[in-house]
A.B. asks: 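One structure follows; several queries about it will come next.
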Amino acid sequence: MLDRDACLALDADDPLRAFKNEFVLPEGVVYLVGNSLGALPRRAAERVRRTVEDEWGRQLVGGWNQAGWYDQPLTAGDRLAPLIGAGPGQVVVGNTTTIAAYQALAAAVRLRPGRKVIVSDPRNFPTDHYIAQGLARLLGDYEVRDYAEGRFDDAAVVLLSEVDYRTGARRHVPSVTAQVQEAGALMVWDVCHSVGAMEVDVSQADFAVGCTYKYLNAGPGAPAFLYVNPRHHATAENVLSGWHGHAEPFAFETGYRPAEGVRRFAVSTPHVVSFAALEAALEVWDRVPMAQVRAKSVALTSLFVDLVGDALKLVSPAEPESRGSQVSFHHPDGYPVMRALIDRGVHGDFRAPDVLRFGFAPLYIGYADVHDAATTLLEVLDKELWRDERYARRLAVT
Ligand SMILES: *Cc1c(COP(=O)(O)O)cnc(C)c1O
């Protein structure tokens, strides 16, 4: 087992170590929640200030043309595309993951008329599963089937996450995609918990969605992305037929005519200030070797699992290749345990009913951080520090 000095030596040799300086991290905090809200990139604060003061403040409405606001959904999409194995003109950014999932599922259903089944995993992130249920209700005679049934021959579409938000378990995208498509259904991947944590390749999928505020560090409420495979660009329909997906939004025609290419999946006015932070975050990613991110992620999660040992029951797969950049453990009193831990500067989060979740963002988490987090966790457990009644009261966001 590595001691703290050995961890410091690994940090000194880490090829990604310079990236930590790109982020603002509070003193005395080990932040293991980058899988929920990524840390603030230094350049994001400056970029947002520029957008607000220089662009909005001086250019006013001219910013739509002069500062390129109008094209942000596509320019940000092109910049993000390499992170998910996509090419230029295949990704549109805007709205939220939930909305993008709705657009993808509805488009898929329209591309497979006569197939009245939407397959989803009840263990999907709830918003994804709720959206599938809501769409099926709207369509009337559609059903939502559990992915575990393994039957796709009459399904229109299958919606899954590459990495499970609760357990961190990772699915094999190429083989699942091939199996679904061979059955004649379309495949939608949610890559919220894999993008920015590992090499992601959705290029064989029909659609993919994901958020930018987790490992990508674009900030609270940052816009989401939607990948549409080029083979569907001419035929897929955006059911949220807002004006920014129109062929000529500024012709103000009375009838809807979809734009060419992935732009037809734009909906409405982009959130310009949020895009500024996203652009700054993506400037960091332009320089990041993703294979090194994955290698370090595997090393960090493995180290944490080893250090915690049998003090807690592991929920995540024990085999590092089968998990994302997160480690989850069971504890019947998981909520107060996490509150006690946060009180001591180690930030993870809690997922009901009894899961402690720790995310490892390799750009700003090091080996010594992992050692410190594990040491503090073991102390909270050994000394039962979590029994303090302060930690029992639930906060609104866990
Ligand atoms: C975080 C997350 C979301 C969040 O969706 P929002 O629309 O941004 O609230 C959706 N799906 C998955 C798998 C997630 O992890």
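All ligand and atom numbering here is 1-based and tracks the order in the structure. Please read these numbers as outputs of a predicted model, since none were measured by experiment.
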A.B. asks: Any idea which residues sit under 4.0 Å from ligand 1, heavy-atom distances?
C.D. replies: Thr96, Thr97, Thr98, Phe125, Thr127, Asp128, Ser161, Asp190, Cys192, His193, Tyr213, Lys214
A.B. asks: Holding to ring-ring contact (aromatic ring centres under 6.0 Å, His included), I want the full list of residues that pass it with His330, two or more places apart in sequence or in another chain.
C.D. replies: none
A.B. asks: Using the rule given for side chain to side chain donor-acceptor pair (under 3.5 Å), can you reason through Arg170 versus Ser194, listing the C-alpha separation, both sets of side-chain angles and the distance that settles it, and then say yes or no?
C.D. replies: CA-CA 9 Å; Arg170 179 188 182 192; Ser194 44; over 6 Å; no
A.B. asks: Determine the interplanar angle of the His193 and Tyr165 rings, folded into 0 to 90°, and report it as parallel if under 30°, tilted if 30 to 60°, perpendicular if over 60°.
C.D. replies: tilted
A.B. asks: Taking the six-membered ring for Trp, is the centroid-to-centroid distance between Tyr391 and Tyr335 below 6.0 Å?
C.D. replies: no
A.B. asks: Could you list the residues that satisfy side-chain contact (heavy atoms from CB on, under 4.5 Å) with Thr269, not counting sequence neighbours?
C.D. replies: Trp64, Trp243, His244
A.B. asks: For Asp306, give me all partners under side chain to side chain donor-acceptor pair (under 3.5 Å), at least two apart in sequence or on another chain.
C.D. replies: none
